[in-house]
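Note on naming: letters A, B, ... go to the chains in the order of the sequence lines (proteins, then strands), and numbering restarts at 1 for each one. Predicted, not measured: the structure shown is a model, and the values here were computed from it.
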2 protein chains.
Amino acid sequence: MTELRVTSLDVAKLAGVSQSAVSRVFTPGASASKETITKVRKAAEKLGYRPNALARAMITGKSRIIGLVVAYLDNQFYPIALERLSNALQDRGYHILIFTATNTQEAIDKVMQELIDYQVDGIITASVGMTSELTGRCAAAGIPVVMFNRAQDGSGLSSVTSANENGARKIADFLVAGGHSHIAHIAGWGGSSTGRDRIRGFIDGLAKHEKTPVAVIDGMYSRDVSAQATRDLMALPNRPDAIFVGNDHMAFAVLDTLRHEYNMSVPDDVSVIGFDDVPLASWAAYDLTTVRQPVNRMVDATVETILAQIGDKNRPTQKIEIDGPLIIRSSARIPEGWHT
Amino acid sequence: MTELRVTSLDVAKLAGVSQSAVSRVFTPGASASKETITKVRKAAEKLGYRPNALARAMITGKSRIIGLVVAYLDNQFYPIALERLSNALQDRGYHILIFTATNTQEAIDKVMQELIDYQVDGIITASVGMTSELTGRCAAAGIPVVMFNRAQDGSGLSSVTSANENGARKIADFLVAGGHSHIAHIAGWGGSSTGRDRIRGFIDGLAKHEKTPVAVIDGMYSRDVSAQATRDLMALPNRPDAIFVGNDHMAFAVLDTLRHEYNMSVPDDVSVIGFDDVPLASWAAYDLTTVRQPVNRMVDATVETILAQIGDKNRPTQKIEIDGPLIIRSSARIPEGWHT
DNA sequence: AGATTAATTGCAAACGTATGCAAGCAAAAT
DNA sequence: ATTTTGCTTGCATACGTTTGCAATTAATCT
């Protein structure tokens, strides 16, 4: 009904001051007398005025919007991270323009372009890779980018990940100490740095004990693919007695398959270890041994980094790795002498 | 390095046309000759120009941004819905400004205000209630609101939900047909219409068979509260042999508690039924009987409604209910003659 | 060929705000 | 009393677009 937009000019007229005065009252750093402030605030209150964020963004060149690109939301890790990121950024007065994009170059390129159209102050990508051409465009547009839970070598982009190699090494140690002889790995997607780093750390960790995995299969971060990989492993002549799965999300599928298709007992028949420690991992139905990705600290680091780069465009990018502990639960045999 | 923003004026100069011409080339409805179009496109390409969405938004009054307010992301239903909403809106050329807010009046009020500041074209709320004062402000600002998976009586706001009463009635029928004698309900938060509707439907459904629930406990949409409710139910003299839980998320906690704290077998000792049919419900570890909320159709309806209201501000609001089927799995006793 | 119509284009005025500049003014310093 | 200092304030401009208007040009019709 009342289709009119109330502007700073309206407030100015009612308060008997200039438009600039109104603007200054609503601009944190600006100077205004006690008297003007109260007059303006009263008038604004009466008219229900609030500054137009878009107009403000255009003039200042700062939109206070952070673009967030995320691929999959069915892996519980990402909604959790998203929630935390959102809260942390809201506290700092930023807002999140969100895009879901499948992990293909075209989709991501398209989405990133649209983000840039909105003059976002910064971009956070969660679980997606980026074209080098695209990173170039962001750099050209002067938009900082931070990759969350994913890194990209030689991109010159900041990234925040957990210590994937080291985490996978811990898992190798744990499984070997548990006396497993046939150890397999259902890996995260080979197209992701996270997947590759975990493979590398795991193989390296096994090598330290002069062991090699009986098999390494790409699980593509998919339940279906991981379930099939499990079947393939069970069909092997040297059937594994331990499986490290590249993330929790896939590990749940592996557990379901072992228990309900093969009637196997975990960890008596097979030990299973995941990676991430999503909330679901602690639920009694799974009780999954896993390496924790410290979401809170990763989120804090991400927010710090992106804001720092927004504040100082010449600040060098950085690759942050945060170590997480092995969380010992009941899905993998616990070596003698390890304390839960 | 190259800190300069390329504007339509730059393109105009390079192409040897006026700034308006450039604008028209990038404005769908506008008229421009073949020749100008190619000249402008070439120049734009060369300079890497794209129209500034913020400036465009300010002048047209349409930001093509939809505000999305969501409370919790640990219930898998919401990330899934979010993903679908995001995709559907992206396809229509809209973008999502997301806010996570705890389900308290102050938090929601604050968040909604900030959304309005950004001149969003519409607002979708998922799983949060709203102040009547706030709905008033939105109406005053001429911003359409659609509530997703929640309704609000007398608010005059559009809403999209599943047929909660009817769904709960189906569950009552199913449990009674299964021959259960002591039926309990761990309900969704009483502060939500969804929670209340499901209670009403369930009690009504039981009443049709001349039964009443042995207990109705508010599970507050929380795992912990639901687990405790389960313990309380098990301590009852007339211990229930069937529990309808207000949503899947809580039902998982109930299952975990029954199985791992009480060593009970489902459905032999107790039948458990949830509501939502999130992906997790079909995983072998839970295999939960539940009523499906047809997310895709709910999302489609939500998008349709919000866009329709944006297109025509005088369009009457509507409350849409979409019926979903009972998905029969193994967590509840299957009555003779029911076909899975 | 002349007249009517349609399409294209540039000019200029918006949209709602922030901010440099100079003027005003009161208080403090000399 | 005069100067200095510091704080407020209004004026006017800018941000990067879209769009009504009028003018120009091209196309169609009689």
Worksheet item: Does the pair Y221(B) and T194(B) meet the rule for a side chain to side chain contact (heavy atoms under 4.5 Å, CB included), with working shown?
Response: CA-CA 11 Å; Y221(B) 293 133; T194(B) 306; 3.9 Å; yes
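- If you check every strand for non-hydrogen atoms under 4.0 Å, S31(B) touches a base.
- Comparing A55(A) and T36(B) by the nucleotide of DNA chain C that holds the closest heavy atom to each, the one mapping nearer the 5' end is T36(B).
- Between the P atom of dA12(D) and the CD1 atom of I59(A) lies a distance of 17 Å, rounded to the nearest Å.
- Protein atom NZ of K34(A) is 17 Å distant from nucleotide atom P of dA27(C), rounded to whole Å.
- Between P51(A) and R24(B), the one whose closest nucleotide on DNA chain C sits nearer the 5' end is R24(B).
- In this structure, the NZ atom of K62(A) is 13 Å from the P atom of dG16(D), given to the nearest Å.
- Counting heavy atoms from C-beta outward, L89(B) and I124(B) have side chains that approach closer than 4.5 Å.
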Item to complete: Apply side chain to side chain contact (heavy atoms under 4.5 Å, CB included) to L85(A) and T302(A), showing your working.
Response: CA-CA 8 Å; L85(A) 273 171; T302(A) 303; 4.1 Å; yes
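- Look at T27(B) and you'll find a side-chain N or O under 4.0 angstrom from OP1 or OP2 of dT18(D).
- To the nearest angstrom, P of dA14(C) lies 15 Å from CE of M58(A).
- The separation between L54(A) atom CG and dT17(D) atom P is 14 Å, rounded to whole Å.
- Between K13(A) atom NZ and dG16(C) atom C1' there is a gap of 13 Å when expressed in whole angstrom units.
- If you check every strand for non-hydrogen atoms under 4.0 Å, S23(A) touches a base.
- The cationic atom of R41(A) (NZ for Lys, CZ for Arg) lies less than 6.0 Å from the six-membered ring centre of F26(A) and within 45° of the ring axis.
- In this model, the phosphate group of dT17(C) is approached by a side-chain N or O of Y49(A) to a distance below 4.0 Å at OP1 or OP2.
- In this structure, CD of Q19(A) is placed 12 Å from C1' of dT13(D), rounded to the nearest angstrom.
- DNA chain D is contacted by both R50(B) and G16(A); G16(A) maps to the nucleotide lying nearer its 5′ end (nearest heavy atom per residue).
- Contacts of V17(B) with the nucleic acid, taken as non-hydrogen atoms under 4.0 Å apart, involve only primed sugar atoms and P, OP1 or OP2.
- Ion pairing of E304(A) with R92(A) is present here, as a side-chain N (NZ or NE/NH1/NH2) and a carboxylate O approach within less than 4.0 Å.
- If you measure from atom CZ of R56(B) to atom C1' of dA14(C), you get 17 Å, rounded to the nearest angstrom.
- In this structure, T7(B) does not reach the dC15(D) phosphate: none of its side-chain N or O atoms is under 4.0 Å from OP1 or OP2.
- Side-chain nitrogen and oxygen atoms of S20(A) include none within less than 4.0 Å of the OP1 or OP2 phosphate oxygen of dG10(D).
- Counting non-hydrogen atoms under 4.0 angstrom, F26(B) reaches nothing in the nucleic acid.
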